[in-house]
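Presented below is the structure to which this report refers.
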Amino acid sequence: MTEIPQPQPWYSTLAVFDLETTGIDVATSRIVSANVSVIDAGGAVIERQDWLADPGVEIPLQASNVHGITTQRAQSEGMPAAAAVSEIVAAIRSVLARELPLVVFNAPYDITLLRHEAIRHGVEPLVDPSPIVDPLVIDKAMDQYRRGKRTLEAAAVEYGVELSDAHDAGADAIAAGRVAQAIARRNPDRLEVSARELHGLQVEWSAQQSASFADYMRRTHNPNFVETSGWPER
């Protein structure tokens, strides 16, 4: 009798994505570098694509100090922004078409910024990309009361993932994927679901987390604080 193969867990093969940009405002910031890769169940990179783009604007010193890419380098070595955005969107569309979950740490930043860039350069944007895996949202849901920062660097330390070149798009994307795998293996009772189910859970968790943060800010800092919500896009 032939055995029916069991479906692999969502974290067995993952696509990963990260951007480095000119700033923090998703509507106005531009892409400087990007990575879309695929990792296997052990976290090894089996496919990789990297981009360096000329954003068409000056890269602020504050941003260059974070990711190490200057305006001069982007202009001399980077591809035109429109071409880079088109290729990045196509790469993400391709991995999602293969039913690979896409790991994006703090997804609303990268996914929303990419949408604005696509519209800016006349590229057809992604529409309701899914399934997305956001280790930031999942970590907060699994370990709600852990003290300390919730940055990718902090998560890498917490889950034993090496991150030797933080704020490099490739290093960050791959580390985020490995963090997602580590979180899943630490919480099998709660995360042994399908990628589609996990996407829906993250919509709920993110909404709860945003509301909780807004309540905290109104009570302790600014009574007029306006909640920012929406996952995986704002």
Side-chain angles (χ1 to χ4, degrees), residues 14-39 45 47-97 100-130 132-137 151-153 163 165-177 179-180 228 230-234:
L14 294 173
V16 299
F17 167 53
D18 186 67
L19 296 174
E20 296 299 329
T21 68
T22 59
I24 60 174
D25 187 311
V26 294
T28 60
S29 297
R30 309 296 180 92
I31 294 170
V32 177
S33 65
N35 174 275
V36 176
S37 294
V38 177
I39 62 174
V45 179
E47 299 175 27
R48 177 168 182 156
Q49 297 181 75
D50 293 279
W51 292 267
L52 175 63
D54 175 2
V57 298
E58 290 287 321
I59 301 174
L61 180 60
Q62 184 176 7
S64 293
N65 287 340
V66 172
H67 50 61
I69 301 170
T70 63
T71 301
Q72 181 180 13
R73 181 187 168 199
Q75 290 176 342
S76 62
E77 301 177 25
M79 65 191 302
V85 171
S86 178
E87 289 186 11
I88 295 163
V89 170
I92 293 175
R93 191 170 276 127
S94 175
V95 294
L96 291 177
L100 293 177
L102 181 69
V103 178
V104 193
F105 192 92
N106 190 20
Y109 175 79
D110 298 77
I111 298 293
T112 307
L113 193 152
L114 181 61
R115 174 167 53 83
H116 282 287
E117 278 278 68
I119 294 168
R120 181 176 292 120
H121 293 291
V123 175
E124 182 181 353
L126 300 169
V127 178
D128 297 325
S130 176
I132 304 297
V133 175
D134 188 339
L136 177 60
V137 170
T151 61
L152 176 58
E153 295 95 320
L163 178 56
D165 193 11
H167 300 296
D168 169 84
D172 284 0
I174 293 161
V179 166
T228 301
W231 185 95
E233 285 188 84
R234 295 188 192 128

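Numbering of residues begins at 1 and proceeds along the displayed sequence. Worth saying up front: this structure is predicted, and the values here are computed from it rather than measured.
- For I24, the CD1 atom sits in a loose shell: 12 or fewer heavy atoms of surrounding residues, nucleotides or ligands are nearer than 6.0 Å.
- The shortest distance between side-chain heavy atoms of S33 and I69 falls below 4.5 Å.
- Contact annotation: the side chain of D54 never approaches that of P80 to less than 4.5 Å [non-hydrogen atoms, C-beta and beyond].
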Inset, instruction - Go through the steps to decide whether V36 and W51 satisfy the test side-chain contact (heavy atoms from CB on, under 4.5 Å), and finish with yes or no. - result: CA-CA 9 Å; V36 176; W51 292 267; 3.8 Å; yes

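- Here A81 pairs with H121 under the side-chain contact (heavy atoms from CB on, under 4.5 Å) rule; sequence neighbours left out.
- The side chain to side chain donor-acceptor pair (under 3.5 Å) pairs that include a residue from residues 103-116 are T21-Y109, R115-E233, where partners are two or more places apart or lie in different chains.
- Looking at every heavy atom in both residues, V104 comes nearest to P135 through O-CD, 3.9 Å.
- Applying the side-chain hydrogen bond (donor to acceptor under 3.5 Å, both in side chains) rule to D50 yields the partners N35, R48; only residues at least two apart in sequence or on another chain are considered.
- Across every non-hydrogen atom of A171 and L163, the tightest pair is O-CD1, 3.6 Å.
- Annotation for D134 and P108: closest pair OD2-CD, 3.7 Å, computed over non-hydrogen atoms.
- In terms of the side-chain contact (heavy atoms from CB on, under 4.5 Å) criterion, residue partners of T151 (sequence neighbours excluded) are, by chain and number, K149, E153, A154.
- At distances below 3.5 Å, at least one donor-acceptor pair connects side-chain atoms of S29 with backbone N or O atoms of D25.
- One N or O on the side chain of R93 and one on the backbone of P125 form a donor-acceptor pair closer than 3.5 Å.
- In this structure, the separation between CG on L113 and CZ on R30 is 9.5 Å, given to the nearest 0.5 Å.
- Of the residues V89, I88, L114, the one that meets the side chain to side chain contact (heavy atoms under 4.5 Å, CB included) test with V123 is V89.
- Between E87 and Q49 the shortest side-chain heavy-atom distance does not fall below 4.5 Å.
- Identified under the side chain to side chain donor-acceptor pair (under 3.5 Å) test for residues 57-68, with sequence neighbours left out: E58-T71.
- Taken to the nearest 0.5 Å, the CG atom of L96 stands 5.5 Å off from the CD1 atom of I132.
- Note that CD1 of I92 is 12.5 Å distant from CG of L100, once rounded to the nearest 0.5 Å.
- The minimum heavy-atom distance linking T28 with R120 is given by the pair CA-NH2, 3.9 Å.
- Counting only residues at least two apart or in different chains, side chain to side chain donor-acceptor pair (under 3.5 Å) contacts with residues 73-83 comprise R73-E77.
- Considering only heavy atoms from C-beta on, V16 stays 4.5 Å or farther from F105 through its side chain.
- When all heavy atoms of I39 and G177 are compared, the pair lying nearest together is CD1-C, 3.7 Å.
- Nearest approach of M79 to A84, heavy atoms of both residues: CG-CB, 3.6 Å.
- With hydrogens and angles ignored, the 3.5 Å screen pairs a side-chain donor or acceptor of D172 with a backbone N or O of H167.
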